Amino acid sequence: MSDRFDIIKTPLQGLQLIQRVPLGDSRGYLERMFCQSDFAELLQEQTIAQVNHTLTEITGTVRGLHFQHPPYAETKFVMCLKGEVYDIAVDVRADSSTFLQWHGEILSAANHKTLLIPEGFAHGFQTLTEDCEMLYFHTAPYHSNSEAALNALDPKLAIAWPLQVTEQSTRDKQHPMINPDFHGVAL
């Protein structure tokens, strides 16, 4: 690992918080967002297949909780480039001791944090400010037939969203609540 990143474990196995370390002077700073060689051990021979950028304009908006089934299961590096979000990962790995447990982190342009979300986790976030821009690095491309989601307001998950939920897409509102037939993702 380089001196550009500090890796912090979370209570959920495999879910990592990455503290980016900008190098700065009187002109500003340079910040490394990703480096294949620095993250080789975490990626275990995976490579980045897709990069996405989002803008969410309204404070309190919730996006997610999305994931993909194998063979398109993906590891994600998620960071906030503008504004501040409460970023959530939910363990949906069928054989995990933390199945359906969630962990949240505040990601912002100011705190230089990235959440490394491994395969087998659903992901979503709530905007804490207006005009939040997020950047995602994915190890698998989007594949609509492999897509799945949890309902971000499911009482069984009991996610403690910091703000009242003001906006959700029609699609995200329609994601099903967890039922007894949901056994997670087999990786």
Side-chain angles (χ1 to χ4, degrees), residues 1-12 14-24 27-36 38-39 42-43 46 48-68 74-92 101-142 147 149-150 152-153 157 159-169 171-172 175:
M1 187 58 56
S2 77
D3 58 353
R4 299 288 184 98
F5 306 102
D6 293 325
I7 307 297
I8 303 157
K9 293 183 179 186
T10 72
L12 304 181
L15 182 67
Q16 311 280 341
L17 183 64
I18 299 169
Q19 180 65 61
R20 301 184 311 271
V21 181
L23 300 176
R27 302 167 296 163
Y29 65 84
L30 168 78
E31 179 177 30
R32 185 170 292 164
M33 306 301 274
F34 176 84
C35 181
Q36 184 76 29
D38 285 343
F39 297 128
L42 296 173
L43 286 170
Q46 294 177 310
I48 298 303
Q50 184 171 306
V51 177
N52 293 324
H53 176 232
T54 64
L55 168 66
T56 306
E57 296 176 338
I58 300 170
T59 302
T61 298
V62 169
R63 288 185 182 247
L65 302 160
H66 307 130
F67 62 98
Q68 292 191 155
E74 59 189 343
T75 296
K76 298 179 187 178
F77 289 78
V78 180
M79 58 205 82
C80 184
L81 300 179
K82 180 180 177 191
E84 184 175 79
V85 302
Y86 188 58
D87 207 70
I88 296 288
V90 179
D91 188 348
V92 294
Q101 291 182 27
W102 61 272
H103 180 79
E105 291 284 345
I106 292 177
L107 305 180
S108 71
N111 72 13
H112 305 278
K113 293 181 179 179
T114 298
L115 197 58
L116 170 61
I117 304 169
E119 294 178 3
F121 278 78
H123 170 254
F125 66 87
Q126 182 178 44
T127 56
L128 303 179
T129 61
E130 292 181 350
D131 299 324
C132 291
E133 292 188 45
M134 302 288 287
L135 187 64
Y136 303 77
F137 291 63
H138 303 258
T139 60
Y142 172 73
E147 175 183 46
L150 302 176
L153 301 180
L157 295 173
I159 294 173
W161 298 109
L163 303 176
Q164 178 180 344
V165 176
T166 57
E167 298 284 331
Q168 282 185 287
S169 71
R171 187 181 96 172
D172 283 350
H175 292 316

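Along the sequence shown, residues carry numbers from 1. Since the model is a prediction, treat every value here as computed from it, not as a measurement.
Across all their heavy atoms, Val90 and Leu150 have their closest contact at CG1-CD1, 3.9 Å. Among all heavy-atom pairs drawn from Leu17 and Thr10, the shortest one is N-CG2, 4.2 Å. The heavy-atom pair separating Asn111 from Ile106 by the smallest distance is ND2-O, 2.9 Å. Shown here for Thr129 and Thr59, the closest heavy-atom pair between the two residues is C-OG1, 3.1 Å.
With hydrogens and angles left out, the side-chain atoms of Arg63 and Ser169 include no donor and acceptor closer than 3.5 Å. Residues His66 and Asp172 bring a donor and an acceptor atom of their side chains to less than 3.5 Å of each other. Residues Gln101 and His103 bring no donor and acceptor atom of their side chains to less than 3.5 Å of each other. No donor-acceptor contact under 3.5 angstrom links the side chains of Glu74 and Thr139, judged on distance only. At a cut-off of 3.5 Å, with distance as the only test, a side-chain donor of Gln46 or Glu119 sits close to an acceptor on the other residue.
Between Asp6 and Arg20 there is no salt bridge, since none of the side-chain N atoms of the basic residue sits less than 4.0 Å from a carboxylate O of the acidic one. Between Glu147 and Arg171, at least one side-chain nitrogen of the basic residue sits less than 4.0 Å from a carboxylate oxygen of the acidic one, meeting the salt-bridge criterion.
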Under the side chain to side chain contact (heavy atoms under 4.5 Å, CB included) rule, what do Phe125 and Cys80 come out as? Steps first, then yes or no, please.
-> CA-CA 11 Å; Phe125 66 87; Cys80 184; over 6 Å; no
Exercise. With side-chain hydrogen bond (donor to acceptor under 3.5 Å, both in side chains) as the test, would you mind laying out the steps for His123 and Asp87 before giving the verdict?
Key: CA-CA 8 Å; His123 170 254; Asp87 207 70; 2.9 Å; yes
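Ring pair His138/Phe77: centre-to-centre distance not below 6.0 Å. Ring centroid separation for the pair Tyr29 and His112 comes in under the 6.0 Å cut-off.
Rounding to the nearest 0.5 Å places CE of Met79 at 9.0 Å from CG of Leu107.
Heavy-atom contacts from other residues, nucleotides or ligands closer than 6.0 Å to CD of Gln164 number 12 or fewer.
Residues satisfying the ring pair (Phe, Tyr, Trp, His ring centres under 6.0 Å) criterion with Phe137, sequence neighbours excluded, are Phe34.
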